[in-house]
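Inspection log for the structure reproduced underneath, given as structure tokens.
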Amino acid sequence: MTPTEPTGTPRDASASPRRAATLGGCLAIALSVLPLAAAAVLLCMAGLPDYALDGDGALVELRIAEATRFNQLLGSYSRLGFEHPGALHLYLCAPFYAAFDGRTGALNLAVLVLQAAALATSLILGLRAAGAATALAGTVAASLYVASLGQTLMTVWDPAMAILPLWTCMAAAGFAVGGRPWAALAAVLAGSFAVQAHLSLVPPVAVALGVLAFFVLATWRRAAADARRAYATSAVAGLLSIAPTLWEQITADPGNLTRIAEALGAEGPRPSFSEALRITAEQLSAPIRDVAGLGAGLAPAFAALQVIAGAAAVWSARRRRAHALAGLGIVALAVQVAAPIAVLRIVGEIRPHMLQWIATAGALGLWPVIATLWTCPGATTRVGRTIRIATTTAAALVAVYAGGTRLAAQTLVFIQSIERDPGAAAGTPGLALLLDEIQRALPEGTAGVRLRLLAADAPLPGYPDFTAGSGLVLGLKKRGLVVAPEPVHAFAYPRRMELPQGHPAHVVVHDPSNVGRLTDRTVAVATRDYGIVGFSVFASEPSIRSP
């Protein structure tokens, strides 16, 4: 053998570390989705239970059923008089719903799959942009956030579905700013998903994509051809993803975007600046405080520490030319700083789900901080590498254990509650029993029912925990009955409805040939704020009767 043979060349010597780094990054991604995968397996082992949703969840399921027939242009109904911007999240859940014959548990599975896909996408981008250590740091930050969220990550509810897609939008925007142009495509699509699911997510998506747009415009002239193609492709993909929303705006009068603008322009009480800062601090520090079991009293200190650590991580990353980490930190900081300004714009009651995105930005901000600690110059020595490997492994295992055990335990409780009462999981014990009672009262072969939906200030007699009507509508439709509205007072759009109080509602059976189709919009308007306060069944007459 001559000394010039290729065995042992520098290229061969570097292949093993690269493979080890890739293997480590793949392990990090697998660990991150493990809690979500465990919850999905538990659901499948339970047979994807079919239980009775109510309220917002029932409306989401009604919309997903429409999406299986390609009839859905917009998102779920808002009590402010508009629909949320788009139906992308509904169409992504629709295949699961259709494949498992309309079982409600299939929607929980779909939500878990979407959350896991979003999280894995962000970590794959981190692995490609900055290596295995950064991907593992993202696993730790994400697992801590998963632990704080628990069962929320499998909830059939528009804001819950968009939690980790929002994480991916901000992370991908940061990596694109850090020099990975094709990450912009993931940022735009994940941001479109989040905004379409719930209007409250517009501020963080607008800030993240705004930072990205500023970077693109500032570097366009000196950008390579591939980078320009990536940015152009991302813009086109974003426009295509909101095409149904734009089509509805053009063809409807008034369009949904017009109704959204009118609602957002309403006047009303707004939080003070000090209150906005307090709320922001509580949300920003929520992921760490929830896992550690700490109260809100420490929120200001934790929030200030997070922002300072994030700024220090950006400074350190820029000095070391770690552009991916710097971009990630810049986007996270931009969203965190914009949070109190966004809170100041809220009119009326501030609901926690409207501000979950601040907690998401807080959790995301931990990613560059952890990665910077593990990749700082001192970590490159032999002692530093040993410490880094030990702390990385321990932190990853603790984070995954916290997230996995909490989500798995809550999934088991969720399944057990369904087994006890198919309505309990949706917070409506007795709903399934009510559906059974109505079904028994209907004559055999009945094809439809007509509902009179009026204001509900009192619970249904005999069912003290059941006040909303959307679950009843959904339950009847899932049992094969066509549901049609009983004529009532005109619905007022787009503001709050003024319906008579104290009148009973009636479930009236009539000739199936005379059954009209109840549109989801009517269901939403009639049942989102109001419910059923009583029911009567009339089975003997071919036409509608009212007492």
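If you're wondering where the values come from, they're calculated on a predicted model, not measured in any experiment.
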Verdict with reasoning, L112 to N108, per side-chain contact (heavy atoms from CB on, under 4.5 Å): CA-CA 6 Å; L112 284 170; N108 297 111; 5.5 Å; no
Criterion side-chain contact (heavy atoms from CB on, under 4.5 Å) on L284 and V307, from CA distance to verdict: CA-CA 9 Å; L284 198 62; V307 173; 4.0 Å; yes
Stepwise side-chain contact (heavy atoms from CB on, under 4.5 Å) check, V335 with W357: CA-CA 9 Å; V335 176; W357 60 267; 3.8 Å; yes
Audit row: L42, F414, side-chain contact (heavy atoms from CB on, under 4.5 Å) steps and yes/no: CA-CA 10 Å; L42 290 173; F414 173 77; over 6 Å; no
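Under the 4.5 Å side-chain criterion, counting only non-hydrogen atoms from C-beta, L277 is not in contact with T280. Looking at heavy atoms from C-beta onward, L31 lies out of side-chain contact with S143 at the 4.5 angstrom threshold. At a threshold of 4.5 Å between non-hydrogen side-chain atoms, the residues W367 and L123 count as touching. Side-chain atoms of V60 and L107, non-hydrogen and from C-beta on, never get closer than 4.5 Å to each other. Looking at L114 and C93, their side chains come closer than 4.5 Å, going by heavy atoms from C-beta outward.
With T134 contributing its side chain and G126 its backbone, the two residues share no donor-acceptor pair below 3.5 Å. R180 places a side-chain N or O within 3.5 Å of a backbone atom of R128 that can act as its donor or acceptor partner. Judged by distance alone, the side chain of Q410 and the main-chain N or O of G150 form no donor-acceptor pair under 3.5 Å. At least one donor-acceptor pair closer than 3.5 Å links the side chain of R406 to the backbone N or O of A147. A distance-only check finds no donor-acceptor pair linking the side chain of E83 to the backbone of G75 [under 3.5 Å]. The closest donor-acceptor contact from the side chain of E248 to the backbone of L74 lies at 3.5 Å or more, if one exists at all.
Legend: residues meeting side-chain hydrogen bond (donor to acceptor under 3.5 Å, both in side chains) with T258, ordered by chain and number and at least two apart, are Q249. Shown here are the side chain to side chain contact (heavy atoms under 4.5 Å, CB included) partners of A98, two or more places apart in sequence or in another chain: T68. Contacts of E282 classified as side-chain hydrogen bond (donor to acceptor under 3.5 Å, both in side chains), with partners at least two apart in sequence or in another chain: R278. Listed by chain and number, the residues in a side-chain hydrogen bond (donor to acceptor under 3.5 Å, both in side chains) with E61 are Y97, K478 (sequence neighbours excluded). For Y91, there are no side-chain hydrogen bond (donor to acceptor under 3.5 Å, both in side chains) partners at least two apart in sequence or on another chain. In this structure, the side chain to side chain contact (heavy atoms under 4.5 Å, CB included) partners of L344, at least two apart in sequence or on a different chain, are F273, A276.
Between L125 and A186, the shortest heavy-atom contact is CD1-CB, 3.9 Å. In plain terms, the two heavy atoms of I260 and L199 that are nearest each other are CG2-CD2, 3.6 Å. Nearest heavy-atom pair across A184 and L212 is CB-CD2, 3.8 Å. The shortest non-hydrogen separation linking L325 to A317 is CB-CB, 3.9 Å. When all heavy atoms of A332 and L364 are compared, the pair lying nearest together is CB-CD2, 4.3 Å. Shown here for V33 and A116, the closest heavy-atom pair between the two residues is CG1-O, 3.7 Å.
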Enumerate, atom names and distances included, each donor-acceptor pair closer than 3.5 Å involving a side-chain atom of residues 154-166, sequence neighbours excluded.
{"from": "T155", "atom 1": "OG1", "to": "Q151", "atom 2": "O", "distance (Å)": "3.1"}
{"from": "T155", "atom 1": "OG1", "to": "T152", "atom 2": "O", "distance (Å)": "3.3"}
{"from": "W157", "atom 1": "NE1", "to": "D56", "atom 2": "OD2", "distance (Å)": "3.2"}
{"from": "D158", "atom 1": "OD1", "to": "S76", "atom 2": "OG", "distance (Å)": "3.1"}
{"from": "D158", "atom 1": "OD1", "to": "H89", "atom 2": "NE2", "distance (Å)": "2.8"}
{"from": "D158", "atom 1": "OD2", "to": "S76", "atom 2": "OG", "distance (Å)": "3.1"}

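For the atom pair CD (Q306) and CG (L333), the distance works out to 10.5 Å, reported to the nearest 0.5 Å. Taking CG of L246 as the reference point, atom CG of N256 lies at 11.5 Å (rounded to 0.5 Å). For the atom pair CD1 (I242) and CG (L257), the distance works out to 8.5 Å, reported to the nearest 0.5 Å. Note: I29 CD1 to L34 CG = 13.5 Å, rounded to the nearest 0.5 Å. Rounding to the nearest 0.5 Å gives a distance of 7.0 Å between CD1 of I279 and CD1 of I346.
Every pair tested for ring pair (Phe, Tyr, Trp, His ring centres under 6.0 Å) that includes a residue from residues 237-262 fails, sequence neighbours excluded, so the list is empty. Sorted by first and then second residue, the side-chain hydrogen bond (donor to acceptor under 3.5 Å, both in side chains) pairs with a member in residues 234-244 read S192-S241; sequence neighbours excluded. Screening residues 328-345 for side-chain hydrogen bond (donor to acceptor under 3.5 Å, both in side chains), with sequence neighbours left out, gives no hits. Counting only residues at least two apart or in different chains, ring pair (Phe, Tyr, Trp, His ring centres under 6.0 Å) contacts with residues 187-218 comprise H84-H198, H198-H353. Applying the salt bridge (Lys or Arg N to Asp or Glu O under 4.0 Å) definition to pairs two or more places apart or across chains, those involving residues 208-237 are D226-R229.
R103 CZ: more than 12 foreign heavy atoms inside a 6.0 Å radius.
By the 4.0 Å N-to-carboxylate-O rule, E66 lies close enough to R69 to be salt-bridged with it.
Residue Q115 forms a side-chain contact (heavy atoms from CB on, under 4.5 Å) with just one option from L149, L153, T168, and that option is L153.
Classification of the W167-Y145 ring pair by plane angle, with boundaries at 30° and 60°, yields parallel.
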